[in-house]
S.K.: 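Handing you this structure, nothing more for now.
Labels below follow one simple rule: chain letters A, B, ... track the order of the sequence lines, proteins then strands, and each chain is numbered from 1. Computed from a predicted model, the values in this text were never measured in an experiment.
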Amino acid sequence: MAMDKTFDAKQAEGRIYDAWESAGAFRAGANANRDETFCIMIPPPNVTGSLHMGHAFNNTLQDILVRWHRMRGYDTLWQPGQDHAGIATQMVVERQLAQEGKRRTDFTREEFLAKVWEWKQESGGTIINQLKRLGASCDWSRNAFTMSGAPGAPEGEEGNFHDAVIKVFVDMYNKGLIYRGKRLVNWDPHFETAISDLEVENTEVPGSMWHFKYPLAGGETYTYVERNADGNVVLEEERDYISIATTRPETMLGDGAVAVHPSDERYAPIVGKLCEIPVGPKEHRRLIPIITDEYPDPNFGSGAVKITGAHDFNDYGVASRNNIPMYRLMDTSAHMRSDGADYATCAKRAQEIAEGADFTVEEVDALNLVPDDLRGLDRFEAREKVVDQITSEGLAVMVENDQGELVPLVDKKPIMQPFGDRSKVVIEPMLTDQWFVDTAQIVGPAIDAVRSGETTIMPESDRKVYFHWLENIEPWCISRQLWWGHQIPVWYGRRAKDGGGYENLKSTRDMICCASEQQAIEWAKANYSNDKIVVLQEPPSSNDDAVFSDPEAEYIWRDPDVLDTWFSSGLWPIGTLGWPEDTPELKKYFPTNVLITGFDIIFFWVARMMMMQYAVVGQRPFDHVYVHALVRDEKGKKMSKSLGNVLDPLELIDEYGADAVRFTLTAMAAMGRDLKLSTQRIAGYRNFGTKLWNAARFAEMHGATGSIGTIPQPKITVNRWIVGETAKVRNIVDLSLSEFRFNDAANALYAFVWGKVCDWYVEFSKPLLMDGTETEQAETRETMAWVIDQCLVLLHPIMPFITEELWQTLGKRDKMLVHGDWPTYGDELIDADADREINWVISLIEAIRSARAQVNVPAGLQVPVLVTEIDAAGEQAWERNEAMIKRLARIDSLTRTDTLPKGAITIPVEGGVFALPVADLIDVAAEKARLEKSVAKLEKEINGLRKRLDNPKFAESAPADVVEETRDNLRARTAEEAKLRDALNRLAEVA
RNA sequence: GGGUGAUUAGCUCAGUGGUAGAGCGCUUCGUUCACAUCGAAGAUGUCAGAAGUUCGAAUCUUCUAUCACCCACCA
C-alpha cells in the first residue's frame with residue numbers, strides 16, 4: 001500500500017491521541033524500566049482559560065521533557081490540573097448572571113457557589129481538551145483542581161485539595177505565620193475586594209497636581225524664607241498659609257496632619273501649630289497639626305505633605321509613626337462615604353482629636369468626614385467639586401501665566417496610577433481588616449535554596465529578579481472579599497452576656513482558627529461554658545442586632561472572606577500529590593524535577609510555592625525552574641485581544657498541525673528571549689514534517705523498513721557515515737535537552753533530518769538500492785530502516801503525532817513510539833574515516849555542481865570529467881563512491897590524465913584537481929570571472945592567515961592546535977590558489 | 001529612580017575568545033522513479049558606536065546611543 005505524499009494531521013492527530021490515552025500511555029510510571037523518577041507539575045491554567053500561545057509554548061516544552069524521560073524509561077509523571085482562579089472565575093459567572101439581569105447578591109452565597117460549580121463542570125474542561133490537541137501527555141487520570149473537595153463541591157469534584165489548604169492555613173496560623181490586622185491594602189472598587197500588590201498594575205496616565213493653601217489657624221502669619229543652593233535668600237515674604245501639593249484633592253477631607261522635614265527651615269516657625277484644611281462647610285473647617293517626619297522631601301513641591309493615612313501608602317507610614325488618625329473617606333465601591341453621623345458631628349470630634357484628645361482606631365474609622373453635599377459621590381466627581389470649591393475661595397496657589405494673568409497653579413503631568421489587573425479600575429488604598437501571611441518569617445529558606453543551588457533558576461538573570469523580590473518582600477494579603485474560593489477557616493464568637501448588639505461586637509468578639517465548623521462549635525462550648533451554640537450563616541451586620549435574639553445562646557459565625565487564589569496554588573506541588581496524606585506518589589515524585597513557567601508568574605507563583613513548600617513540608621518543591629519568555633506577534637507586540645493580534649494556537653493547529661506548531665515554538669525557545677511568532681515560520685516547520693514523511697515514504701517504497709532496533713554494523717562507507725551522523729545528533733539532542741536548550745535540540749534534528757538524511761543519505765542510497773548487489777541492497781535497507789526509525793524516535797518528543805503515525809506505518813511494532821526506547825549509543829558509532837571520505841565526496845559534488853551552474857552547463861547534461869593530481873585517499877574515495885558522485889554531479893565518465901586540456905572547467909578539491917572538458921560548451925568569460933573571483937577570495941583569506949602566522953606572538957601565545965590548524969589552512973588555501981591560477985593560465989591560452 | 005536584557009544578512013533570530021551562521025524572503029536554473037509543502041546554484045554583513053584587555057574580540061571590560069521588559073510610595 002503506497003503512502004500518501006503528505007501527513008494528514010487533521011485526520012490523524014485525534015486518532016493517535018485517543019490511541020495513546022486508551023492505552024494508558026501517559027499514566028504515571030508508564031513505560032518505566034528504572035527507579036529514577038521524573039515529575040513535572042503543570043502550571044495549572046485557570047478554569048476560565050482557553051489555550052493561548054503562552055500555554056502552547058509552556059506545555060510544549062513540558063511535554064518534550066516528559067516524553068523524553070518517559071522514553072528513557074524514567075518513572076514519569078506529568079501532573080495536570082486547573083486553578084479555581086477566584087476573581088477571574090467569579091467575574092465570568094457574574095457576567096453571565098448579568099446577562100440574565102441578575103446579580104450575585106440576588107443569591108445566597110451557597111446558591112451562587114452552586115452556579116459557579118455548575119459553570120466549572122460545563123466549561124472547565126475546555127482547556128484540557130485544548131491541551132490534548134497540542135499533544136500534551138499529562139496523566140489525565142490524576143487531573144487536579146485547586147478547589148476539589150471544598151464544601152458544596154458536586155459529584156466528581158471530590159479530592160482533598162481543599163482540606164490541604166485549610167490544614168496549611170490552620171497550621172500556619174497556629175505557628176504565628178498568619179495574622180489578621182487592620183492595614184492599608186490595595187482595594188479593587190469594582191470587585192470590592194482587597195488584592196495583593198502583585199495584582200496592581202501601575203500605569204502612567206495624564207494627571208494634575210494642584211497646589212493649595214492651608215491657612216494657619218487664627219490667621220497667624222510667619223516669615224517664609226527660601227534659599228537657593230548657595231544659601232542666598234531668593235524669596236522672603238509674610239505668609240498666613242502653608243502650601244500643599246496633591247494629585248488627589250478629594251482625600252484632603254481625610255487629612256490628619258501636614259508633615260514637613262525636620263531640617264526644613266522654611267517651616268520651622270510653624271511646626272507644632274495648626275492649619276486649616278480648606279474644604280468642607282466653612283463653619284466646620286477642621287484644623288490639623290503641622291508635624292515633622294523624615295518622609296517629606298524638602299526639594300520636592302513645597303516640601304510640605306498632607307497626611308491622609310487611610311488613603312495613601314506613604315501617608316499610612318507617616319500617620320502610624322506619629323499617631324495621626326486615619327480617616328476613611330470611601331465605601332467599598334470607592335464612593336464617598338454616606339454612613340455614620342452627620343458631617344458636623346464627625347468634624348467636631350475630629351477637631352478634638354487634632355487638638356490632642358485620645359482616640360481609638362475603631363472610633364476614628366466610624367467618623368465620616370465627608371461633607372454632607374459630597375456623600376455618595378464617586379471619588380472622581382468629588383475631586384472636581386473639591387477643586388472647584390477651593391479655587392472659588394481663592395485658596396489655590398496662583399501663578400502668572402504667559403499672558404500675564406494670575407491662574408491657579410496646576411501642574412499637568414503624567415502620574416503613576418494603580419489599576420486592578422483584572423478590573424482595570426483605579427485601585428484605592430483602603431484601611432480594612434485583612435489576613436496576612438507574615439512572609440518575612442518564611443522567606444528565608446526560599447532564598448537560601450536558590451542561593452545554594454538546591455533549586456536552580458534558569459536563565460541566570462531571573463535569579464536576580466527572584467532574589468530582589470524576596471529580599472524586599474512585603475506581608476502578603478491573603479484575604480479576598482469574594483465568594484468563590486477557600487473560605488477562611490476562622491470563626492468568631494460573641495459572648496452572650498456581653499450583649500450590646502452589633503456596636504459592641506468588634507471589641508468583644510473571640511476568634512478561633514480551626515479546620516471545621518464542628519471544631520468551632522466545640523471550642524465555643526468550652527470557651528463560653530455553654531452548650532447552646534448558634535451558628536450564624538453570615539456575619540452579623542450593623543442593621544441586624546436582632547440576630548442575637550436568644551439571650552441564652554452563644555453565637556458564632558465564620559469569617560466570610562476567602563483566600564487569595566495563589567495561597568492554594570502555592571501548595572500545588574504537594575497538594576496534587578495527596579498531601580497531607582503520606583501517599584506513595586508524594587514519596588516517589590516529590591520534590592519534583594523541574595517547573596516550566598513564564599516569567600510573569602515568578603512572584604505570584606514560583607516564589608510563593610518555594611516559600612509555602614518549605615513552610616509546610618520543609619523541602620524544595622523542584623530542582624529546577626525554567627523560566628521562559630513571552631510569545632509575541634511577528635512585529636514583536638504583546639499579543640492581546642484589544643490589539644487583535646492574537647494568534648490562536650488551535651487555529652494554527654488546524655491549519656498546520658500540532659507538530660508544526662510545537663516544532664516552531666521549540667526551535668524558537670532560546671532561553672530568556674521573547675519569541676516573535678510568524679505563520680511563515682510555522683509553515684516552514686510543517687514542510688519539515690512533510691520532508692520527514694517523504695523520506696520515510698522513500699524508505700517504505702524501497703523496503704527499507706522493519707528495523708528491529710538493533711544498531712546496524714554496515715561495511716559500506718556511506719552507511720557507516722550516516723550511522724555515525726545519527727550518533728552525533730543523538731548526543732546533541734540529549735545534551736541540549738538536559739540543559740534545557742530546546743532550540744538547540746530542535747535545530748540539530750532539523751539539520752540532521754533535512755540536511756544529512758534527506759539531502760545526502762537518501763540520494764547516496766539510490767544507486768545502492770537500485771543497482772547494488774544483493775548484499776549492498778540488504779545492508780543499505782537495514783541501515784536506512786534504522787536511520788529513519790532513529791529520526792522518528794529522536795523527533796518524537798517534539799513532533800509526537802507524525803512520528804507515531806510513521807512509526808506504526810513503517811512496520812509491525814511491539815510498542816507504540818510514545819513508549820519507544822530512547823537510544824543511548826554514542827561516539828563509538830562514529831567512523832572517522834567514513835566521515836572524512838563522505839565529506840570529501842560531498843564537497844566534490846558541491847564543487848562540480850557549483851562550477852557547472854556558474855558557467856551555465858545545462859543542468860540535464862551528463863558530462864565527462866577528468867582528474868589529475870589525485871592523491872591516494874581521493875582515489876579510494878572516488879572508487880568507492882563513483883556511482884553516487886556520477887549520479888549527483890551528473891557525470892558520465894572519469895578519465896585520469898596528466899595534463900589538463902586548455903579550456904576545461906577546473907575544480908580544485910583537497911588532494912586533487914577535477915576538470916570538466918567542455919570547452920566547446922562554456923562561456924570563457926564566465927569561467928574566467930568565476931576563477932578570478934575565487935582567487936580573490938582565497939587571497940584575502942591567505943593574507944589574513946599569513947598575517948597571523950607572521951606575528952611571532954601568535955605562535956608563542958596561541959594553543960598549539962590552533963597554530964597547527966592555521967598552518968594547515970594556509971597550506972591548503974595556497975595550494976588551491978595555485979591550482980586556480982593554473983586554470984586561469986590555461987584559459988588565457990584558449991582566448 | 002533602580003534593575004535586567006537586547007542591538008549580527010532585506011525580515012526573524014542562533015552563535016560566548018580562534019577563518020561570520022540558520023530559516024524565511026530574493027535572483028537564476030530544474031517536472032528524472034521520496035518530496036514543487038521540492039531540488040540545485042547564487043547574492044547579501046565595518047556583528048549599534050567608541051575606547052580598552054588579548055597574538056587574536058560578534059564573543060571579555062568600560063563608556064555612549066537606541067529599544068524592550070521588570071520593580072519602585074516622590075506628595
S.K.: With sugar-phosphate meaning primed atoms plus P, OP1 and OP2, does A/Arg463 contact a base, only sugar-phosphate, or nothing at under 4.0 Å between heavy atoms?
M.R.: nothing
S.K.: Could you work out, with ring-ring contact (aromatic ring centres under 6.0 Å, His included) as the rule, every residue matching A/His702, not counting sequence neighbours?
M.R.: A/Phe698
S.K.: Once hydrogens and angles are ignored, does a donor-acceptor distance under 3.5 Å link the base of B/rU37 to the side chain of A/Thr690?
M.R.: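 Answer yes: a donor N or O sits under 3.5 Å from an acceptor.
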S.K.: Contact class for A/Glu965 (heavy atom, under 4.0 Å): base, sugar-phosphate, or nothing?
M.R.: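 The answer is nothing, as A/Glu965 stays clear of every strand by at least 4.0 Å.
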S.K.: Using side-chain contact (heavy atoms from CB on, under 4.5 Å) as the criterion, list what pairs up with A/Asp789, not counting sequence neighbours.
M.R.: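 Listed in chain order: A/Ser707, A/Leu792, A/Trp807, A/Arg813.
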S.K.: Look at the side-chain N and O atoms of A/Lys947 and state whether any lies under 4.0 Å from the OP1 or OP2 oxygen of B/rU19.
M.R.: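 No.
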S.K.: Polar pairs (N or O, both sides) under 3.5 Å between protein and nucleotides 55-57 of chain B?
M.R.:
from   : atom 1 : to       : atom 2 : distance (Å)
B/rC55 : O2'    : A/Asn951 : ND2    : 2.8

S.K.: In the strands shown, is B/rC38 matched to any nucleotide by a Watson-Crick or G-U wobble pair with both distances under 3.5 Å, and which?
M.R.: B/rG30
S.K.: Could you tell me whether A/Arg697 contacts a base, only the sugar-phosphate backbone, or nothing, with contacts defined as non-hydrogen atoms closer than 4.0 Å?
M.R.: sugar-phosphate
S.K.: At under 4.0 Å between heavy atoms, what does A/Lys691 touch on the DNA or RNA strands: base, sugar-phosphate, or nothing?
M.R.: base
S.K.: Under 4.0 Å between any heavy atoms, over every strand shown, what does A/Tyr295 touch: base, sugar-phosphate, or nothing? Just pick one.
M.R.: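 The answer is base, as A/Tyr295 lies within the cut-off (heavy atoms under 4.0 Å) of a base atom.
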S.K.: Indicate, with a heavy-atom threshold strictly under 4.0 Å, whether A/Gly207 touches base, sugar-phosphate, or nothing.
M.R.: nothing
S.K.: State whether A/Gln680 places a side-chain N or O below 4.0 Å from either non-bridging phosphate oxygen (OP1 or OP2) of B/rC11.
M.R.: no
S.K.: Scan A/Glu956 against the nucleic acid and name what it touches under 4.0 Å (heavy atoms): base, sugar-phosphate only, or nothing.
M.R.: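 The residue A/Glu956 makes no contact with any strand.
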S.K.: Considering Watson-Crick and G-U wobble pairs with both distances under 3.5 Å, what does B/rA58 pair with?
M.R.: none
S.K.: Which is true for A/Phe300 with a 4.0 Å heavy-atom rule: it touches a base, it touches only sugar-phosphate, or it touches nothing?
M.R.: base
S.K.: Looking across every strand, which nucleic acid part, if any, lies under 4.0 Å from A/Lys306 by heavy atom: base, sugar-phosphate, or nothing?
M.R.: nothing
S.K.: Can you tell me the Watson-Crick or wobble partner of B/rG5, both distances under 3.5 angstrom?
M.R.: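 Check on B/rG5: paired to B/rC67, both distances under 3.5 Å.
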S.K.: Do A/Glu763 side-chain and B/rA40 base share a donor-acceptor contact under 3.5 Å?
M.R.: no
S.K.: Does the side chain of A/Lys413 come under 3.5 Å of the side chain of A/Thr247 through a donor N or O and an acceptor N or O?
M.R.: no
S.K.: Applying a 4.0 Å non-hydrogen cut-off, can you work out what A/Pro296 is touching in the nucleic acid: base, sugar-phosphate, or nothing?
M.R.: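 Base, at least one base atom sits under 4.0 Å.
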